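One structure is given below, encoded as structure tokens.
Just so we're clear, the structure is a prediction, and the values are computed from it rather than from any experiment. For the numbers below, each heavy atom of this structure counts, side chains included, while hydrogens, waters and symmetry mates do not. Counting convention: from 1, in listed order, for ligands and their atoms alike.
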Amino acid sequence: MRVSKLFTKTSKNAPADEVAKNAQLLIRAGFINKEMAGVYTYLPLGKIVLDKIIQVIREEMDAVGGNEMSLTALQQKETWVASGRWNDEVMGVWFKTKLANGSEVGLAPTHEEPLTKIMKNFIHSYKDLPVYPYQFQIKFRNELRSKSGLMRGREFWMKDLYNFSRNREEHEIFYEQMVQAYNKVYERLGIGDITYKTFASGGSFSKYSHEFQTISDVGEDKIYVHEAKKIAINEEVYNDEVLADLGINKDDLVEKTAVEVGNIFTLGTKFSDALDLKFTDEDGKSKSVFMGSYGIGPSRIMGLLAEHFSDDKGLVWPENVAPYKIYLVRIGEGDVIACADGLYEELINKGIEVLYDDRDVHIGQKFNDSELIGIPYRVTVSDRMLAEGTFELVERKNGEKNLLTREQLLAKLV
Ligand code: ATP
Ligand code: MG
């Protein structure tokens, strides 16, 4: 992509009412646009990053046998009345509206009910189980407070996967597989070392649910971390009984603030009973399908990454989610342009993602923009370097500078 063709521009300031660092940086660098509190548009650069995060999650969900689909955002009331969750006192985050004929509909805050209903068309026998449908979808939640930028949206992206299994044993095998899949996701996104499987409150079918909590000063949750075991306990369930259950000594725990980047839950037969999703087992008996739910917030993760991987100059994207790998800068005319154009073409042809600053603006602006946008590598071509046959390579994350020949540069970046 040539910067001259990119319609977004960087800016010195974020909107005055934006208090979250992640949103301030992402707005200034042109990744997102603020529509209102908790509602953000993904601009071209932001869309690339969001898609890369989603792709990492997709690959890991497919690896455990997930079936990707896309449910509707508009929800009919009856489906949710069946589970009791249409009631605002049971689920307080609904956005509800009406069709032209007056019937009530809602914007999906989650998708257990409609998916369970759909699966009635496809699950009849034990031979149809287990199955793992999932989706990436915008969820709508009328959150009370929305001051954390992308980390708490009123409209936000979620990956939600649900398992439909024959019984608890089959469910539990998959649940463990998902713990491993989630670990891989956070590892690949560069936050594996600071993300903990965290014991949280369960429901009628399990004593605990598990959250994946990433340590961060701006987190809304308090957790107690056991570093050696690489697990944590959410303060909401932190008591002597849980410590005993986990065989953990209080003195080995450290209190931290953290961001919930994922949540996995044993649903049991709560929704299959409510919506009458049954199957005929091998013994000929009709039984309720045993379910679990597995959420990850790609947009919350994007906010968290912006918050975590940034410095006083701007964003510092990890390579596998950065919108581009290289920010190519040219300083000069004539031969410099020809050389930069040639390098750009060659890198593109080799499949490298390059943001080429081909604008006629001051060099300081090009460098500042490359730092604010947070592209991992900056390559500069100038008259002097051209005469010496070198290119300057600067690494965003540590500022390391090297003058390299074209061969050395390609060997390092391709
Ligand atoms: P929280 O406790 O933070 O309100 P939750 O427990 O309601 O979240 P789930 O319903 O389990 O969240 O949603 C699955 C995932 O979606 C969460 O782990 C989180 O990563 C993400 N998520 C939830 N709410 C939001 C939100 N308002 N904005 C952005 N991401 C969110
Ligand atoms: Mg939660």
Side-chain angles (χ1 to χ4, degrees), residues 20 22-23 26 32 34-40 42 46 50 53-54 56-57 61 71 83 85 90-95 107-113 115 134-162 175 178-179 181-183 185-186 189 191 194-203 206 208-216 218-223 232-238 257-267 270-271 291-308:
N22 68 84
L26 290 166
I32 60 173
K34 184 173 190 172
E35 189 64 30
M36 60 182 111
V39 183
Y40 299 89
Y42 291 83
L50 180 69
I53 294 170
I54 285 177
V56 166
I57 302 170
M61 296 305 104
L71 284 113
S83 69
R85 290 210 291 181
V90 177
M91 194 147 69
V93 292
W94 273 111
F95 282 104
L107 293 173
T110 177
H111 277 94
E112 284 83 357
E113 284 85 344
L115 183 59
Y134 79 98
Q135 64 169 346
F136 294 94
Q137 243 253 5
I138 290 177
K139 305 285 195 235
F140 298 89
R141 290 188 185 176
N142 203 346
E143 303 272 4
L144 261 184
R145 273 180 82 256
S146 215
K147 290 190 173 165
S148 308
L150 287 190
M151 298 205 288
R152 186 167 294 284
R154 296 199 161 102
E155 169 180 332
F156 63 95
W157 282 88
M158 194 197 285
K159 182 284 299 177
D160 44 332
L161 184 148
Y162 305 85
Y175 194 90
M178 283 300 272
V179 170
Y182 272 40
N183 285 338
V185 167
Y186 303 121
L189 294 175
I191 50 175
I194 49 169
T195 302
Y196 294 83
K197 182 176 116 174
T198 303
F199 289 76
S201 52
S206 62
Y208 304 110
S209 67
H210 295 94
E211 296 167 344
F212 288 79
Q213 294 274 4
T214 307
I215 306 302
S216 166
V218 294
E220 294 177 5
D221 293 349
K222 193 186 281 179
I223 62 168
I233 304 171
N234 192 309
E235 72 167 335
E236 65 183 27
V237 299
Y238 179 66
T257 53
V259 174
E260 182 198 307
V261 290
N263 193 348
I264 66 177
F265 210 95
T266 297
L267 300 172
K270 179 176 172 186
F271 294 97
M291 295 169 54
S293 69
Y294 308 82
I296 293 188
S299 39
R300 180 175 288 181
I301 289 177
M302 182 167 159
L304 176 85
L305 295 179
E307 199 85 35
H308 185 68

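For Met158, every heavy-atom contact with ligand 1 shorter than 4.0 Å involves the side chain, none the backbone. Counting heavy atoms closer than 4.0 Å to ligand 1, residue Arg141 contributes side-chain atoms (C-beta onward) but none from N, CA, C or O.
What sits closest to atom 8 (O) of ligand 1 on the protein, heavy atoms only, is Glu260 OE2, 3.7 Å. With hydrogens left out, the protein atom closest to atom 11 (O) of ligand 1 is Asn263 ND2, 3.0 Å, a heavy atom.
Within 6.0 Å of atom CD in Glu35, 12 or fewer heavy atoms from other residues, nucleotides or ligands are found, so the atom counts as exposed in its surroundings. For NZ of Lys147, the number of neighbouring non-hydrogen atoms (other residues, nucleotides, ligands) closer than 6.0 Å is 12 at most.
Residues Thr257 and Gly219 approach most closely at CB-O, 4.2 Å, considering heavy atoms. Across all their heavy atoms, Ala232 and Ile223 have their closest contact at CB-CD1, 3.8 Å.
At least one heavy atom of Val261 lies less than 4.0 angstrom from ligand 1. Ligand 1 lies out of reach of Glu211, whose nearest heavy atom is not under 4.0 Å from it.
The N, O or S atom of Glu260 lying closest to the Mg ion (ligand 2) is OE1.
Checked against a 3.5 angstrom limit, the closest N/O atoms of Gly297 and ligand 1 fall inside it. Distances between N or O atoms of Gly153 and those of ligand 1 include at least one value under 3.5 Å. Residue Ser299 has no N or O atom closer than 3.5 Å to an N or O atom of ligand 1. The distance criterion of under 3.5 Å between nitrogen or oxygen atoms is not met by Trp157 with respect to ligand 1.
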> Given the rule in the ring pair (Phe, Tyr, Trp, His ring centres under 6.0 Å) test, do His111 and Tyr162 qualify, once you have shown the distances and angles that lead to the verdict?
Replying inline: CA-CA 9 Å; His111 277 94; Tyr162 305 85; 7.8 Å; no
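With atom 1 (P) of ligand 1 as the reference point, the heavy atom nearest to it among Arg152, Met302, Glu220 is part of Arg152. With distances taken over non-hydrogen atoms, the option nearest atom 31 (C) of ligand 1 out of Phe140, Tyr294, Phe156, Phe265 is Phe156.
One N or O on the side chain of Arg154 and one on the backbone of Ala37 form a donor-acceptor pair closer than 3.5 Å. Looking at Ser216, its side chain never comes within 3.5 Å of a backbone N or O of Thr214 through a donor-acceptor pair. Judged purely by atom type and a 3.5 angstrom limit, Gln213 uses its side chain to pair as donor or acceptor with the backbone of Glu260.
Using a 3.5 Å distance cut-off with no hydrogens or angles, the side chains of Glu220 and Ser148 do pair a donor with an acceptor.
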